[in-house]
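Quick notes on the structure that follows.
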Amino acid sequence: MNLPTSNHMSSVAAGIQQDSADTPVVACAECPLRKVGTFSPNGAEEVAFIQTFKRGEITVKAGDLLVREGVNSGEFYTLLRGWAFRYRTISNGNRQILNFLLPGDFIGLQEKLGAHASNGVEVLTDARFCRFPSDRLWDLYRNHPSLSYDITWIAAHEELIVDENLVSVGQRTAAQRIAMLMIHLFKRAESVALKDAAGSVPFPVSQQHMADALGLSLVHTNKTLGKLTRQGYFKVKDGRLTIGKLDSLHALADYFTLPLRGRPLI
């Protein structure tokens, strides 16, 4: 098992890379995510509105923060490319990862409009985000009811993910928690066309990230990962995840994957 064990505190750096004037911006109608087939289609009028809603794009380097805890960015984001995660830090410095973010995820609905962020967003890999001003959300609700339904769907889906994580931390064993996370991230990466011909998906998640997400110690995470790997359930090598026994992993995790197809894309 060669999953890295680096501690998160040393990896976090401040700052977002500002695009140069000639950095290309993806037109919403040409968004590569719309061609994947996982996301529900939008009509031409809706896509045109999303284009006017979009403020631009930003690139964030791996280890940097997109959203700082306690700071109001005034924006929503769609993850266009790369991986990230939402987290909350408690007073002793420990961190709880709330969920991992993959391309197509809409970020910022967790906060009340105008409020300071109660959680942060850190980037796992170099990532690209579309930016949307939060003060224009009411325009969407007033003028595009189908898009407002999409926003509601996204919020409900986020709640399902949080519920599943709560079940894991409260009731699942360490092996079940790790099995659930591996299935969930593998399926999500597969759904946005990140699986290669060999059947593996990118996996930039370290053992520390897993421990912070699942409420486990780093030592317990390491031992359990090693045991499940030796039993042939999955393999993590060179930053990629391959599932060896998917049906058996489902049975171990006592977990049924959440619906991924037909998801809205803003």
Seminar exercise, completed: Rounded to the nearest 0.5 angstrom, the NZ-OG1 distance for K195 and T242 is 10.0 Å
For this session: Tell me, please, which residues at least two apart from A179 pass side-chain contact (heavy atoms from CB on, under 4.5 Å).
Result: L249, L252, A253
Seminar exercise, completed: F53 meets the ring pair (Phe, Tyr, Trp, His ring centres under 6.0 Å) criterion, sequence neighbours left out, with F49, F132
Exercise. Does a sphere of radius 6.0 Å around CD in Q231 hold more than 12 heavy atoms from other residues, nucleotides or ligands, not counting ones at 6.0 Å or beyond?
Worked result: yes
Seminar exercise, completed: Sequence neighbours excluded, the answer for side-chain contact (heavy atoms from CB on, under 4.5 Å) partners of K223 is V219
Seminar exercise, completed: I50 and L265 have their tightest heavy-atom pair at CD1-O, 4.0 Å
Exercise. Hey, does the side chain of R34 reach the backbone of C28 with a donor-acceptor pair shorter than 3.5 angstrom?
Worked result: yes
Exercise. Roughly how far apart are Y77 OH and R128 CZ, rounded to 0.5 Å?
Worked result: 13.0 Å
Problem set entry | Test item: R177 side-chain N/O and R172 main-chain N/O as donor-acceptor pair under 3.5 Å | yes
Seminar exercise, completed: Note: R86 and L101 closest approach over all heavy atoms is CG-CD1, 4.0 Å
For this session: Would you check if the side chain of T78 reaches a backbone N or O of I266 as a donor-acceptor pair within less than 3.5 Å?
Result: yes
Exercise. Can you name the residues that form a side-chain contact (heavy atoms from CB on, under 4.5 Å) with R142, not counting sequence neighbours?
Worked result: W138, D139
For this session: Quickly, which of N143, L140, L137 forms a side chain to side chain contact (heavy atoms under 4.5 Å, CB included) with S148? Name it, please.
Result: L140
For this session: Taking E122 for its side chain and L66 for its backbone only, find out whether a donor-acceptor pair lies under 3.5 Å.
Result: no
For this session: In sequence, state the C-alpha distance, the side-chain angles, and the governing distance for M182 and V236, and then conclude on side chain to side chain contact (heavy atoms under 4.5 Å, CB included).
Result: CA-CA 10 Å; M182 291 299 197; V236 177; 4.1 Å; yes
Exercise. How many angstroms lie between CG in L246 and CZ in F234, if you round to the nearest 0.5 Å?
Worked result: 12.5 Å
Problem set entry | Residue pairs fulfilling salt bridge (Lys or Arg N to Asp or Glu O under 4.0 Å) with at least one residue in residues 98-109, sequence neighbours excluded | D105-R188, D105-R263
Exercise. Nearest heavy-atom pair of L124 and P204: which atoms, and what distance?
Worked result: CD2-O, 3.7 Å
For this session: State, to 0.1 Å, how close G82 and T125 come at their nearest heavy-atom pair, and which atoms those are.
Result: CA-OG1, 3.4 Å
For this session: Could you check if a side-chain atom of V123 sits within less than 4.5 angstrom of a side-chain atom of D64, using non-hydrogen atoms only?
Result: no
Exercise. Any donor and acceptor pair, going by atom type alone, linking the side chain of T89 with main-chain N or O of R95 inside 3.5 Å?
Worked result: no
For this session: Please answer whether the main-chain N or O of S146 pairs with a side-chain N or O of E46 as donor and acceptor at a distance below 3.5 Å.
Result: no
Problem set entry | CG-CD distance between D135 and E75, expressed to the nearest 0.5 angstrom | 9.5 Å
Exercise. Is any side-chain heavy atom of I243 closer than 4.5 Å to a side-chain heavy atom of I183?
Worked result: no
For this session: With rounding to the nearest 0.5 Å, note down the distance linking OG in S217 to CD in Q208.
Result: 9.5 Å
Problem set entry | H144 vs D150 side-chain heavy atoms within contact, under 4.5 Å | no
For this session: Heavy atoms only: give me the nearest W83-P202 pair and the separation to one decimal.
Result: CZ2-O, 3.2 Å
For this session: Give the C-alpha distance, both sets of side-chain angles, the deciding distance and a yes or no for side chain to side chain contact (heavy atoms under 4.5 Å, CB included) between E57 and C130.
Result: CA-CA 4 Å; E57 296 175 11; C130 300; 4.3 Å; yes
Exercise. Just how far is it from atom CZ of R68 to atom CG of N119, taken to the nearest 0.5 Å?
Worked result: 14.0 Å
For this session: Search all heavy atoms of A211 against all heavy atoms of T221 and return the closest pair with its distance.
Result: CB-OG1, 3.5 Å
For this session: Kindly indicate, with the supporting measurements, whether the criterion side chain to side chain contact (heavy atoms under 4.5 Å, CB included) is fulfilled by M210 and L216.
Result: CA-CA 8 Å; M210 296 181 71; L216 300 171; over 6 Å; no
Exercise. Run the side chain to side chain contact (heavy atoms under 4.5 Å, CB included) check on T59 and D126 step by step: do they pass?
Worked result: CA-CA 7 Å; T59 299; D126 290 355; 5.6 Å; no
Seminar exercise, completed: Sequence neighbours excluded, the answer for side-chain contact (heavy atoms from CB on, under 4.5 Å) partners of Y149 is W153
